[in-house]
Colleague: 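Please see the structure below; I have some questions.
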2 protein chains.
Amino acid sequence: MTTLEKDLETRLAEDHHQAIKLWLRLLTCTNLITGKIRSRLRENFATTLPRFDLLAQLERHPEGLRMGELSQRMMVTTGNVTGIADQLEAEGLVRRESDPKDRRSVVLRLTPKGREVFSAMAKVHEGWVIEFFEGLSPEEKDTLYALLGRLKQHLNGRRNP
Amino acid sequence: MTTLEKDLETRLAEDHHQAIKLWLRLLTCTNLITGKIRSRLRENFATTLPRFDLLAQLERHPEGLRMGELSQRMMVTTGNVTGIADQLEAEGLVRRESDPKDRRSVVLRLTPKGREVFSAMAKVHEGWVIEFFEGLSPEEKDTLYALLGRLKQHLNGRRNP
DNA sequence: TGTCATTATTTTAAGTCTAAATAAAAGCCG
DNA sequence: CGGCTTTTATTTAGACTTAAAATAATGACA
């Protein structure tokens, strides 16, 4: 084996190792943050991340969202959304409304109480997230945001399920 | 309100929004990748991500790992590791050994069969990860890796639980 | 030696998640 | 119109997850 071949092979192996290391670090960062948010939501508001997430989606869409739309935005199955919506409905934070145009559909909306409860949590939650990322300068955050954007685009590319 | 104050306030609000957007994008990328790995592991090897993760940790530590060490590395609770180890042990992929130095401890090791099964999966898995990140150039991967390193360091900083 | 705090693992209860099966409604098309 | 496929939500079974409690063994120390 020539020196050139060895170099190529080494570089390739390093690139492969690089992707794995990058993935593990990405996963670690996400796990660290979700872990912190999860425990703080529990301690401060006696709620959970998926519940918070569902309310956050509805907050952004006052016109309401169907179960399928919610599941896409939350990146979970519709069966999962059904269960979380059941809880929040029982707690009076969301309301199921039937879509007159399509009787299969259920439209979920925040109740006034849900809007009130969520907005109190959202303010605090935003502060946590700012805190988690304040180790990076605004420029670094921009760069990270852009790189993740390229990654996301690649991951969502066609023939890439 | 003066123009300067308004500009500062606007910039601050944008920074806040920036952190939230960054966090949501980070979470999306991680979810997209874990989702792909999860479904491919199921389709190709009829196994799950936590099972794969446990085997991967053991592969890197031929001397074996205690349940507590495993839970730290996998970023899950020890109770969780117990259940996954039970399954893998029943399938003959790992073996529980008692630590002669500390009878409270259980040391988990790969069996020869476990090593064999894992190494087949690991090769394919590595290819997937390389594929997921090949939308980024090696330089971009380096930058992303470094930025996530800074983020991780900040997240692990003291008085930041 | 006996007690007590600590450490390591397991167990338990409740919540979250997926995939697959079900049921109902809508849309398509001959 | 009538049958076929698709879409939408729910239900179900099983796996994963956490937090907290229960077990069990260790180590320190009066």
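Because only heavy atoms are used, hydrogens play no part in the values below, and waters and symmetry mates are left out as well, while side chains stay in. Residue numbering restarts at 1 for every chain, and letters A, B, ... go by the order of the sequence lines. Owing to the predicted nature of the structure, the values given are computational and were not obtained by experimental measurement.
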Colleague: So what does the secondary structure string of DNA chain C come out as, 5' to 3', with Watson-Crick or wobble pairs under 3.5 angstrom, [ ] for crossing and | for pairs with another strand?
Modeller: ||||||||||||||||||||||||||||||
Colleague: Give me each pair satisfying salt bridge (Lys or Arg N to Asp or Glu O under 4.0 Å) with a member in residues 23-35 of chain A, each pair once, sequence neighbours excluded.
Modeller: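 Every pair satisfying salt bridge (Lys or Arg N to Asp or Glu O under 4.0 Å) with a residue in residues 23-35 of chain A: there are none.
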Colleague: Any salt bridge (Lys or Arg N to Asp or Glu O under 4.0 Å) pairs touching residues 41-57 of chain A, not counting sequence neighbours?
Modeller: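 Residue pairs with at least one partner in residues 41-57 of chain A: A/R51-A/E91.
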Colleague: Could I get the full list of side chain to side chain contact (heavy atoms under 4.5 Å, CB included) partners for A/R104, not counting sequence neighbours?
Modeller: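 Partners of A/R104 under the side chain to side chain contact (heavy atoms under 4.5 Å, CB included) test: A/D102.
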Colleague: Assign a letter to each nucleotide of nucleotides 4-12 of chain C from its 5' end: B, base within under 4.0 Å of a protein heavy atom; S, sugar-phosphate only; -, no contact.
Modeller: ---BSBBB-
Colleague: Given atom CD of B/E43 and atom C1' of C/dT18, what is their separation to the nearest angstrom?
Modeller: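 Between C1' of C/dT18 and CD of B/E43: 13 Å.
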Colleague: Check the distance between C/dT16's C1' and A/D53's CG and give it to me in whole angstrom.
Modeller: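 In whole Å, C/dT16 C1' and A/D53 CG are 12 Å from each other.
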Colleague: Taking the basic N atoms (NZ, or NE/NH1/NH2) and the acidic carboxylate oxygens, is any pair closer than 4.0 Å for B/E131 and B/K36?
Modeller: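 Salt bridge between B/E131 and B/K36, a charged N being under 4.0 Å from a carboxylate O: no.
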Colleague: Hey, which of these two, A/M74 or A/R103, hits DNA chain C nearer its 5' end, going by closest nucleotide?
Modeller: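 Of the two residues, A/M74 wins.
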Colleague: Among A/T34, A/L148, A/I33, find the residue that satisfies the side-chain contact (heavy atoms from CB on, under 4.5 Å) test when tested with B/L27.
Modeller: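 Passing option: A/T34.
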Colleague: Go through the structure and list residues passing salt bridge (Lys or Arg N to Asp or Glu O under 4.0 Å) with B/R150, not counting sequence neighbours.
Modeller: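 Listed in chain order: A/E140.
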Colleague: Under 4.0 Å from a heavy atom of chain B: give me the 5'-most and 3'-most nucleotides of DNA chain D that qualify.
Modeller: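 Span of nucleotides near chain B: D/dA15 to D/dT26.
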Colleague: Any pair with a residue in residues 112-121 of chain A that passes salt bridge (Lys or Arg N to Asp or Glu O under 4.0 Å), sequence neighbours left out, goes on the list, sorted by first then second residue, please.
Modeller: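 Every candidate salt bridge (Lys or Arg N to Asp or Glu O under 4.0 Å) pair involving residues 112-121 of chain A fails, so no pair, neighbours aside, qualifies.
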Colleague: Just to verify, what does A/R103 make a salt bridge (Lys or Arg N to Asp or Glu O under 4.0 Å) with, not counting sequence neighbours?
Modeller: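 Testing A/R103 for salt bridge (Lys or Arg N to Asp or Glu O under 4.0 Å), a comparison that skips the adjacent residues, returns none.
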Colleague: Under 3.5 Å, which donor-acceptor pairs do the side chains of residues 63-75 of chain A form with other protein atoms, sequence neighbours left out?
Modeller:
{"residue": "A/E63", "atom": "OE2", "partner": "A/H61", "partner atom": "ND1", "Å": "3.3"}
{"residue": "A/E69", "atom": "OE1", "partner": "A/R66", "partner atom": "N", "Å": "3.0"}
{"residue": "A/S71", "atom": "OG", "partner": "A/G68", "partner atom": "O", "Å": "2.9"}

Colleague: Could you tell me how far apart A/L54 (CG) and C/dG15 (C1') are, to the nearest whole angstrom?
Modeller: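 So the CG-C1' distance, A/L54 to C/dG15, works out to 14 Å.
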Colleague: Taking for each residue the nucleotide of DNA chain D with the nearest heavy atom, is it B/P50 or A/L65 whose nucleotide lies nearer the 5' end?
Modeller: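 It is A/L65, whose closest nucleotide lies nearer the 5' terminus.
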Colleague: Just to verify, what does B/E59 make a salt bridge (Lys or Arg N to Asp or Glu O under 4.0 Å) with, not counting sequence neighbours?
Modeller: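 So B/E59 forms no salt bridge (Lys or Arg N to Asp or Glu O under 4.0 Å) with any residue.
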Colleague: Would you say A/T77 places a side-chain N or O within less than 4.0 Å of OP1 or OP2 belonging to C/dT18?
Modeller: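 Result: yes.
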Colleague: With a non-hydrogen cut-off below 4.0 angstrom, is B/I84 in contact with a base, only sugar-phosphate, or nothing?
Modeller: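 The answer is sugar-phosphate, as B/I84 gets under 4.0 Å only of primed atoms, P, OP1 or OP2.
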Colleague: C/dA14 phosphate, OP1 or OP2: any side-chain N/O from A/Q87 under 4.0 angstrom?
Modeller: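 No, no such contact exists.
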Colleague: Toward the 5' end of DNA chain C, which comes first, B/R42 or A/R51, by nearest nucleotide?
Modeller: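 The residue whose closest nucleotide sits nearer the 5' end is A/R51.
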Colleague: Taking only residues two or more places apart in sequence, or in another chain, which ones meet A/D86 in a side chain to side chain contact (heavy atoms under 4.5 Å, CB included)?
Modeller: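 Per chain and number, A/D86 pairs via side chain to side chain contact (heavy atoms under 4.5 Å, CB included) with A/T82, A/R96.
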